Protein chains: 2
Amino acid sequence: MRLLLIEDERELATALSVALSKLGIVTDHTMHLADAFELTRQNAYDAILLDRRLPDGEGLTFIPTLRRAGNDTPIIVLTARNEPLERVEGLDIGADDYLGKPFLVEELMARVRAVLRRPSNLTEQRIVAGRMVIDPLHLNVAIDAAPLDLPRRELLVLVALAKRKGKTVLRSTLETAVYNYEDEIQSNALDAHISRLRKRLLDAAAGVAIHNIRGVGYLLKEE
Amino acid sequence: MRLLLIEDERELATALSVALSKLGIVTDHTMHLADAFELTRQNAYDAILLDRRLPDGEGLTFIPTLRRAGNDTPIIVLTARNEPLERVEGLDIGADDYLGKPFLVEELMARVRAVLRRPSNLTEQRIVAGRMVIDPLHLNVAIDAAPLDLPRRELLVLVALAKRKGKTVLRSTLETAVYNYEDEIQSNALDAHISRLRKRLLDAAAGVAIHNIRGVGYLLKEE
DNA sequence: CGCAAAACATTGCGGCAGCATTACGGGAAT
DNA sequence: ATTCCCGTAATGCTGCCGCAATGTTTTGCG
């Protein structure tokens, strides 16, 4: 899962990024609305976390901009302004949820999941692949009801492949599923993850195999 | 917009077709599941309206058949059986929406629009060519849900041809689709790709043929 | 109708880009 | 203090793909 965080308080932003990354969530962060729009054009985010007070304007103005561009990504507004009337204002303008500061990361994640669970989002809640059952929202993998413990990056690779099981996933897609902009990647780290993940899936008899499509990407296939 | 209507009550079917045509929607109609599958292979429908009681069986059985063939077209089930449990049954098996008879055409259209508005349906554009289903965004080619593993350059040629299937594609267009400016090309490399691609399509019984238009370019034709 | 040239088709070959695997070490987490 | 993740890089290997040689079809022209 990949989120865009639009927030000018640097401390909150980094704290949030760290907390989310531990949950396996990749977060891109920007402080400016102008950058934000460009980022949404280059990445398919699962959701956007939007602050209201920003150096270059009221955050809410970003919502119509995005919607007019045909982008339906769910938006959760994060703000200290938490009066009922302001909530209405935010929701009416097209936000999907509204969360007052301060908040618990757990609550934020629950709301993100809730927003992604809505019928207008076709995010599958349960993917069956081979003997595995994968919950892409909670990021857990189970084999015969027994949870399978995977390192974070390998888990992200697996989920990204499982979301399109049986179909090729571009190498670039995998990269954006696992890394954010800050992490530069300058080696075969992704290949290494794939290799280690393969070994783990084999050991666990997961009933799937990861195939390579040379020059294009990878593909998860059931056996 | 083009819909497939699978419905055995002839009066309802014609009434619906007329009503939909006034909204600018083209409707193909069949009464039999057997025909329906063939139709979905020859046309890229925006959505499918499916009755449950049909002369040759329970309509819901069509859904797994279609999904297994790699077809993600949204399906709206139309039926007199409108008990809550039956709705769950329909949705769990992979239907996108469920509408009890009788219904207003307005409501049906609203639901069609809602289903089409879902993100995965907006981004997931597919090209049907012969027995192949091609997703040009993800560079994905499948025959009966089985992914077809093609080398990168041949894949690019196929996608470029499929995007304009039935129409000639200039040789220069193909070249720019496969090569970037850095790669200078000074041989018949493109011809070689075409040749090898032909062989692969033949082996896979893809149901298409690549024709040459002498001095102009190539053309992908369904058989 | 006949011949030649041009355009296209096919196929073997070799270089090398891309992938798989694994060991190593720094660093974060418990 | 120990464990394990994860980025890096070295190594070996597979098979793609550019090239060129050869065969086939089509077009142009007298």
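Model, not experiment: these values are computed from the prediction. Chain letters run A, B, ... following the sequence lines, proteins first and then strands; every chain starts at 1.
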Grab the N/O contacts between the protein and nucleotides 22-29 of chain C below 3.5 Å, and write none if there aren't any.
none

Report yes or no: does [X] contribute a side-chain atom to a donor-acceptor pair with the main-chain N or O of [Y] at less than 3.5 Å?
X: A:Ser17; Y: A:Ala13; result: yes
X: A:His211; Y: A:Leu220; result: no
X: A:Asp135; Y: A:His138; result: yes

By side chain to side chain donor-acceptor pair (under 3.5 Å), which residues pair with [X], not counting sequence neighbours?
X: A:His193; result: A:Tyr179
X: A:Thr73; result: A:Asn71
X: A:Asp8; result: none

Whole-Å gap separating P (D:dC16) and CG (B:Leu190): 17 Å

Just grab all the salt bridge (charged side-chain N to carboxylate O under 4.0 Å, His left out) pairs involving [range], residues at least two apart or on different chains.
range: residues 142-157 of chain A; result: A:Arg131-A:Asp144, A:Arg153-A:Asp183, A:Glu154-A:Arg200
range: residues 206-223 of chain A; result: A:Lys165-A:Glu222
range: residues 17-41 of chain A; result: A:Arg2-A:Asp28

Within residues 156-166 of chain B: residues closer than 4.0 Å to DNA chain D (heavy atoms): none

Chi angles and distances behind the side-chain contact (heavy atoms from CB on, under 4.5 Å) call for B:Leu190, B:Val157: CA-CA 9 Å; B:Leu190 183 60; B:Val157 170; 4.0 Å; yes

Partner set under side chain to side chain contact (heavy atoms under 4.5 Å, CB included) for B:Thr173, not counting sequence neighbours: B:Val169, B:Leu170

Any residue meeting side chain to side chain contact (heavy atoms under 4.5 Å, CB included) with B:Thr61, in chain and number order, not counting sequence neighbours: B:Leu33, B:Glu58

First encountered from the 5' end of DNA chain D, between B:Arg200 and A:Ala189: A:Ala189

Taking the minimum atom-to-atom distance to the side chain of [X], which one of [options] wins?
X: A:Tyr179; options: C:dC19, D:dG7, D:dC17; value: D:dG7
X: A:Pro151; options: D:dG18, D:dC6, C:dC19; value: D:dC6
X: B:Arg152; options: C:dC19, D:dC17, D:dT8; value: D:dC17

Would you list the protein and nucleotides 5-7 of chain C atom pairs, both N or O, that sit under 3.5 Å from each other?
| from | atom 1 | to | atom 2 | distance (Å) |
| --- | --- | --- | --- | --- |
| C:dA6 | N3 | B:Arg214 | NH2 | 3.2 |
| C:dA7 | O4' | B:Arg214 | NH2 | 3.1 |
| C:dA7 | N3 | B:Arg214 | NH2 | 3.4 |

Bend angle of the helix from C:dC1-D:dG30 to C:dT30-D:dA1, end axes from five pairs each (to 10°): 40°

salt_bridge(B:Asp203, B:Arg198) N-O dist < 4.0 Å: no

